[in-house]
Amino acid sequence: MVEMRAFQDAVGAWASGGPGGAAEELAGRLGVRTAVLLEGLSDLAAVEALAERRGRDLAAEGVCVVAMGGAMSVGRYADLLGPAGLGLRLTGLCDERERPFFDRALERAGTPRRDVFVCAADLEDELIRALGTATVEEIVAAEGDLRPWQTFLHQPAHAGSPRHRQLRRFLGTKKGRKIRYGRLLVEALAPQQVPAPLDDLFASL
């Protein structure tokens, strides 16, 4: 896992304009065969949490999960990691509104678009719907976030919105909260509750 983290860091530095030698060397040494392209760190936390729950060691399977820092970076990552770069199989998870970025990037990279799995709004929304709002509110309370949640609900901008949408917005109101709850919500899922995009992603790995 430590070496796979080093590979993730090397890929991030490469995508930011640095040299690619370290990423190439680590990919060969670790036997990396697949890169899972994710928009951000909250998605990464959710994917890693589900891997742990299912007893899967993705690093040992040659699977690297990459948080790109936004869907607009997918073209750069696909070029570096796909057939024209390190030659890895590419798969991923994205929001419906970001799908065009993924489609264009994967088509240009010469890799199948069918291997990208799409969330209707985003992964947090999928998880909230899967668990139900009452369960998510229980998790929020157990995490000590009940008071800020209640404060959020009293803000006029959020009044009248459906509960699942209010919870989704709440998770994004504080730095690091989406990442923390990405893991927590996955850990609370029953096996049959795993949202289809996330379940399909794992089935493809």
Glu138 side chain reached by Leu146 side chain, heavy atoms, under 4.5 Å: no
Answer yes or no: is there a side-chain heavy-atom contact under 4.5 Å between Glu3 and Arg29? yes
Results of side-chain contact (heavy atoms from CB on, under 4.5 Å) for Arg165 - residues two or more places apart only: Pro162, Arg169
Is the backbone N or O of Trp14 less than 3.5 Å from a side-chain atom of Arg76, with the two atoms forming a donor-acceptor pair by type? yes
For the student: nearest non-hydrogen atoms of Ala105 and Ala78, plus distance: O-CB, 4.1 Å
Determine, stepwise, if the pair Leu37 / Met68 fulfils side chain to side chain contact (heavy atoms under 4.5 Å, CB included). CA-CA 7 Å; Leu37 303 180; Met68 302 182 295; 3.9 Å; yes
With a 4.0 Å cut-off on N to O distance, would you call Arg129 and Asp125 a salt bridge? yes
Please determine whether the number of non-hydrogen atoms from other residues, nucleotides or ligands lying under 6.0 Å from atom CZ of Arg147 exceeds 12. no
Hey, are Asp145 and Lys174 close enough for a salt bridge, meaning a charged N less than 4.0 Å from a carboxylate O? no
Quick check against the 3.5 Å criterion: does Arg99 have a side-chain atom that pairs as donor or acceptor with the backbone of Val118? no
Taking the side chain as every heavy atom from C-beta outward, state whether Arg54 and Val194 have any atom pair closer than 4.5 Å. yes
Could you give me the CA-CA distance, side-chain angles and deciding distance for Leu167 and His164, then say whether side chain to side chain contact (heavy atoms under 4.5 Å, CB included) is met? CA-CA 5 Å; Leu167 282 162; His164 73 273; 5.6 Å; no
Do Leu127 and Pro195 have side chains that get closer than 4.5 Å, going by heavy atoms? yes
Test item: Val116 and Thr91 side chains (from C-beta on) under 4.5 Å apart, heavy atoms: no
Could you check whether any side-chain heavy atom of Arg56 comes within less than 4.5 Å of a side-chain heavy atom of Val63, counting everything from C-beta outward? no
Examine distances only and state if a side-chain atom of His154 and a backbone atom of Gln150 form a donor-acceptor pair shorter than 3.5 Å. yes
In terms of relative ring orientation, are Phe170 and Phe152 parallel, tilted or perpendicular, with 30° and 60° separating the classes? perpendicular
Aromatic Tyr181 / basic Arg183 pairing, under 6.0 angstrom, 45° off normal: no
Donor-acceptor contact present, side-chain Glu126 to main-chain Ala121, <3.5 Å: no
Show your working on side chain to side chain contact (heavy atoms under 4.5 Å, CB included) between Thr34 and Leu88 and close with a plain yes or no. CA-CA 5 Å; Thr34 299; Leu88 306 181; over 6 Å; no
Between the side chains of Lys178 and Asp43, is the shortest nitrogen-to-carboxylate-oxygen separation below 4.0 Å, so that they form an ion pair? no
Does any non-hydrogen side-chain atom of Met4 lie less than 4.5 Å from one of Val32? yes
Does a sphere of radius 6.0 Å around CD in Glu48 hold more than 12 heavy atoms from other residues, nucleotides or ligands, not counting ones at 6.0 Å or beyond? yes
Let me see the working for Leu198 and Val47 under side chain to side chain contact (heavy atoms under 4.5 Å, CB included), right down to the final yes or no. CA-CA 8 Å; Leu198 192 55; Val47 168; 3.9 Å; yes
Does the side chain of Cys64 reach to within under 4.5 Å of the side chain of Gln8, using non-hydrogen atoms? yes
Using a 6.0 Å distance limit plus a 45 degree cone around the ring axis, check whether Arg113 lies over the aromatic ring of Phe102. no
